[in-house]
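Structure first, then comments.
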Amino acid sequence: MKRISVIIPALNEAESIGRVVGEMPWERIAECIVVNNGCTDETAAIAAAAGARVIESPRGYGTACKAGSDAAVASSEILVYMDGDGSDIIGDLERLVGPIERGEADFVIGSRMCGTREPGSLLASQMFAGWMVGKLLRITQGVRYTDMGPFRAIRRTSLERLQMSEMTYGWNLEMQIKACQHGLRMREIAVAYRCRI
């Protein structure tokens, strides 16, 4: 049985969403959910045509992530999040979910800082923010993160324990902090990252 749901919050990604959904390893996942997060373009129609299940959500990155999580089929034990702009590479899925499937981790973050990046895919300000947050979390939570990247996987039961409440762009950071506080087994893996379409 396929036990992975891929969740993509999307806001006006008509130029990229067809390619992103089209690259899904359908033989490996239960579904790809694209969350229409207030799109004013053809994102939803293109995603549906490419094979995604499209759901609606009020605007807000965290709101979209939560809506996708809540909508995932009951059989999915692992929830994977990624952006819809083409920058995350689904080819790294096996390495991302592997530690969870093997029972070695509950939460895995794809680190763009440790992986290979296309020139221009990350701004200097994004790299500095990742470094700074990683340093602060090491001081305050005693855990080492190199990134707050969107490409991540979490055991569904673990996500439920976190009781996520940040419904804007703080969703990823809240997840990482609460994962520490709840004693989740965490892992970071290097992933490839490319320029958004």
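Position 1 is the first residue of the sequence; numbering continues from there. Since this is a predicted model, take the numbers as computed values, not measurements.
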Is the side chain of [X] donor-acceptor paired with the backbone N or O of [Y] at a distance under 3.5 Å, no angle test?
{"X": "Gln163", "Y": "Glu160", "result": "yes"}
{"X": "Asp85", "Y": "Ser16", "result": "no"}
{"X": "Arg3", "Y": "Ala30", "result": "no"}
{"X": "Ser5", "Y": "Ser76", "result": "no"}
{"X": "Arg155", "Y": "Ile100", "result": "yes"}
{"X": "Asp92", "Y": "Val191", "result": "no"}
{"X": "Thr43", "Y": "Glu13", "result": "yes"}
{"X": "Arg95", "Y": "Ala190", "result": "yes"}

Original post:
So, Tyr81 versus Ser69: side-chain donor-acceptor pair below 3.5 Å or not?
Top reply: yes
Which heavy atom of [X] sits nearest a heavy atom of [Y], and at what distance?
{"X": "Ile7", "Y": "Cys65", "answer": "CG2-O, 4.4 Å"}
{"X": "Phe107", "Y": "Ala179", "answer": "CD2-CB, 3.6 Å"}
{"X": "Leu93", "Y": "Pro25", "answer": "CD2-CG, 3.7 Å"}

Original post:
Which value, rounded to the nearest 0.5 Å, describes the distance between Ile109 atom CD1 and Leu96 atom CG?
Top reply: 9.5 Å
Original post:
So, Lys2 and Glu27, do they make that salt bridge, N to O below 4.0 Å?
Top reply: no
Report the residues that fulfil salt bridge (Lys or Arg N to Asp or Glu O under 4.0 Å) with [X], sequence neighbours left out, ordered by chain and then residue number.
{"X": "Asp83", "value": "none"}
{"X": "Arg187", "value": "Glu104"}
{"X": "Glu23", "value": "Arg19, Arg194"}

Subject >> Plane angle bin for Tyr169 and Tyr61 - parallel if under 30°, tilted between 30 and 60°, otherwise perpendicular >> reply: parallel
Original post:
Ile46 versus Val21: any side-chain heavy-atom pair under 4.5 Å?
Top reply: no
**OP:** Would you check if Trp26 and Cys32 make a side-chain contact, meaning some heavy-atom pair closer than 4.5 Å?
**Re:** yes
**OP:** Applying side-chain contact (heavy atoms from CB on, under 4.5 Å) between Ile8 and each of Ile33, Ile17, Val35, report the one that passes.
**Re:** Ile17
**OP:** Scan for salt bridge (charged side-chain N to carboxylate O under 4.0 Å, His left out) pairs involving residues 168-184, sequence neighbours excluded, and state none if there are none.
**Re:** Glu174-Lys178
Subject >> Sole candidate of Arg161, Arg152, Arg185, Arg156 that passes salt bridge (Lys or Arg N to Asp or Glu O under 4.0 Å) when paired with Asp106 >> reply: Arg185
Original post:
Excluding sequence neighbours, so at least two apart, what forms side chain to side chain donor-acceptor pair (under 3.5 Å) with Asp147?
Top reply: Arg112
Output side-chain donor-acceptor pairs under 3.5 Å for residues 52-59, partner residues at least two apart or in another chain, one line each.
unit_1: Arg53; atom_1: NE; unit_2: Glu31; atom_2: OE1; d: 3.1
unit_1: Arg53; atom_1: NH2; unit_2: Glu31; atom_2: OE1; d: 2.7
unit_1: Arg53; atom_1: NH2; unit_2: Ala71; atom_2: O; d: 2.6
unit_1: Glu56; atom_1: OE1; unit_2: Asn36; atom_2: ND2; d: 3.0
unit_1: Glu56; atom_1: OE2; unit_2: Asn36; atom_2: ND2; d: 3.4
unit_1: Arg59; atom_1: NH2; unit_2: Gly38; atom_2: O; d: 3.0

